[in-house]
Amino acid sequence: MANNSITPYPFEAVIVDGGRIPFQRSGTGYKKLMAYDLGRMAIEGLIGRSALHESDIDQIIMGCVIQDVNTSNIARESALGAGLPNSIPAHTVTQACISSNQAISSAVNLIRTGQAKVVLAGGTETMSDIPIRFRRKFRRKLLDAQKYKSLSDWLSFFKGLRPSDLLPEVPAISEFSTGETMGESCDRMAAHFGISRKAQDKYSLRSHQLAAKATREGLLAPELLPAAVPPDFDTFVQDNGFREDTSMEKLAELPPAFIKPHGTITAGNSSFLTDGASASLIVEETKAHELGLVPKAYLREYTFVAQDPEDELLLGPAYATPQVLDRMGLSLSDIDVFEFHEAFAGQILTVLKALDSDAFARKKLDRSRKVGEIPMDKFNCWGGSLSLGHPFGATGARLVTTAANRLHHEDGQIALVAACAAGGQGHAMIIERYDG
């Protein structure tokens with residue numbers, strides 16, 4: 001595909017740069033920080049190494065899933081904390097695991113329609129500092145208490161309350177619509193598609209080994225923004241989630257995590273709770289040249305899809321992938337770089353199997369033949385969410401940044417980014433290398 005491809009949009013969106021603070025397992029390096037702090041550090045790091053002047057930014061969009069009420073518009077708070085001009089509008093989006101995919105897509109829309117020339121898009125998430133609240137019955141009592149005027153009102157405060165009503169309530173990890181956790185759903189889905197425990201462990205091992213290799217060889221360095229953590233300002237320069245010393249034997253020893261005793265999803269073949277933040281600079285092509293910026297890639301067609309969250313919770317990429325390929329007139333053989341979110345090894349293997357299935361194509365995609373087989377030598381070659389980690393609101397921007405960097409490193413032309421999300425949703429985007 002030529003760089004001067006004709007598109008239906010009056011303005012072209014390109015990614016100039018993208019980065020992330022090193023992802024850390026929850027409860028480790030960033031355990032004393034808020035998601036706001038992580039977002040602030042990602043913005044500071046990216047702007048600090050860019051030739052872009054802060055005043056050139058038109059809007060800021062960030063994704064976040066589990067939000068602190070004190071920083072509900074975390075995009076705005078992170079931007080202010082990073083020292084960006086207070087004249088730049090900022091808003092926060094939430095779409096589960098594809099929140100920063102939505103942030104980037106929204107930036108593309110603003111640029112294509114001429115409403116903005118430069119947008120900072122990314123996401124942030126902490127699982128070390130999630131909001132824990134009182135249960136609903138006790139919350140209602142507390143709200144009613146604001147109207148109390150007499151002693152008798154206060155004496156009736158505990159009437160109708162049980163001791164259990166006073167216990168704290170941790171945010172649920174289950175689907176609100178089904179009551180089932182993502183792990184349980186993935187376990188059922190993997191069983192339905194015939195994905196074995198051994199295959200899942202083997203894929204997980206691959207992810208950890210590739211992440212370790214990419215880290216050793218410095219392949220991830222261009223996307224990592226050193227994070228100095230107060231109060232001692234110890235600086236983190238790499239991810240701490242990948243297990244270079246893991247093995248099939250170690251993975252095989254782990255018990256099922258969700259469906260016991262015969263489930264196949266374990267802690268070893270699932271993405272882990274992660275703290276982190278990411279940011280990217282999305283710029284209108286002509287504006288980038290005016291500012292002396294060198295684009296990395298065009299952001300081409302994208303789509304968001306939704307399926308039944310009970311039976312197809314994590315199959316989004318299998319539906320989204322053929323949509324963006326068709327819109328671009330491409331097939332899987334045209335793709336040089338694949339970057340898919342890895343929620344679980346079972347999820348990834350199910351998506352790959354569905355894409356390579358004629359039966360799935362006929363029954364679910366209304367296509368006469370399968371989408372095709374994705375070659376693994378092009379797939380998540382620098383590790384993925386299973387090994388690098390998955391801060392819910394930040395992963396999408398990581399995928400886009402890694403895909404753009406891989407296109408240049410591997411001398412590729414077209415990349416495909418895809419991800420699943422809670423609620424039975426999914427996303428895919430085509431990225432084309434920019435050669436100037």
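All of these numbers come straight from a predicted model, not from anything done at the bench.
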Going through the checks in order, is the side chain to side chain donor-acceptor pair (under 3.5 Å) test met by Q24 and N240?
CA-CA 5 Å; Q24 304 287 292; N240 75 352; 3.1 Å; yes

ring-ring contact (aromatic ring centres under 6.0 Å, His included) against F379, all qualifying residues, sequence neighbours excluded
F340

Not counting sequence neighbours, which residues clear ring-ring contact (aromatic ring centres under 6.0 Å, His included) with F242? List them please.
none

Assess whether atom [atom1] of [X] is packed by more than 12 heavy atoms of other residues, nucleotides or ligands within 6.0 Å.
| X | atom1 | answer |
| --- | --- | --- |
| H53 | NE2 | no |
| K202 | NZ | no |
| K250 | NZ | yes |
| H192 | NE2 | no |

Steps toward side chain to side chain contact (heavy atoms under 4.5 Å, CB included) verdict (R327, Q323):
CA-CA 6 Å; R327 290 178 188 178; Q323 284 191 17; 3.7 Å; yes

Minimum-distance pair of heavy atoms, taken over all atoms of [X] and [Y]:
| X | Y | result |
| --- | --- | --- |
| T94 | V65 | OG1-CA, 3.7 Å |
| V229 | G29 | CG1-O, 3.9 Å |
| A419 | I98 | CB-CG2, 3.6 Å |
| R49 | E223 | NH2-CA, 4.4 Å |
| L224 | Q238 | CD1-CA, 4.2 Å |
| V237 | P226 | CG1-CB, 4.3 Å |

Would you give the length of the straight line joining atom [atom1] of [X] to atom [atom2] of [Y], rounded to the nearest 0.5 angstrom?
| X | Y | atom1 | atom2 | answer |
| --- | --- | --- | --- | --- |
| E217 | H409 | CD | NE2 | 7.5 Å |
| D239 | L388 | CG | CG | 5.0 Å |
| M127 | E125 | CE | CD | 7.0 Å |
| F236 | I21 | CZ | CD1 | 10.0 Å |
| L313 | C420 | CG | SG | 7.5 Å |
| D68 | I130 | CG | CD1 | 11.0 Å |

Report yes if the side chains of [X] and [Y] come closer than 4.5 Å at any heavy-atom pair, otherwise no.
| X | Y | answer |
| --- | --- | --- |
| I61 | V93 | yes |
| T246 | L205 | yes |
| D311 | R188 | yes |
| M41 | L225 | no |

Taking NZ, NE, NH1 and NH2 as the nitrogens, is one of them in K117 or D58 under 4.0 Å from a carboxylate oxygen of the other?
no

Considering only NZ, NE, NH1 and NH2 on the basic side and carboxylate oxygens on the acidic side, decide whether K198 and D201 come within less than 4.0 Å.
no

With under 30° as parallel and over 60° as perpendicular, where do the rings of F258 and F344 fit, or are they tilted in between?
perpendicular

Is there a donor-acceptor contact under 3.5 Å linking the side chains of [X] and [Y]?
| X | Y | answer |
| --- | --- | --- |
| D17 | S50 | no |
| D336 | Q413 | no |
| S207 | S387 | yes |
| T92 | Q67 | no |
| H390 | T274 | no |
| Y302 | N109 | yes |
| S204 | Q200 | no |

Geometric cation-pi criterion, R300 with Y298: 6.0 Å, 45°:
yes

Derivation and outcome, salt bridge (charged side-chain N to carboxylate O under 4.0 Å, His left out), residues R433 and D411:
CA-CA 9 Å; R433 190 178 81 179; D411 195 26; 2.9 Å; yes

T402 vs E339, side chain to side chain donor-acceptor pair (under 3.5 Å): CA-CA, chis, key distance, verdict:
CA-CA 8 Å; T402 302; E339 282 293 329; 5.0 Å; no

Going through the distances and angles, do R112 and L299 end up as a side chain to side chain contact (heavy atoms under 4.5 Å, CB included)?
CA-CA 11 Å; R112 284 177 175 173; L299 301 179; 5.8 Å; no

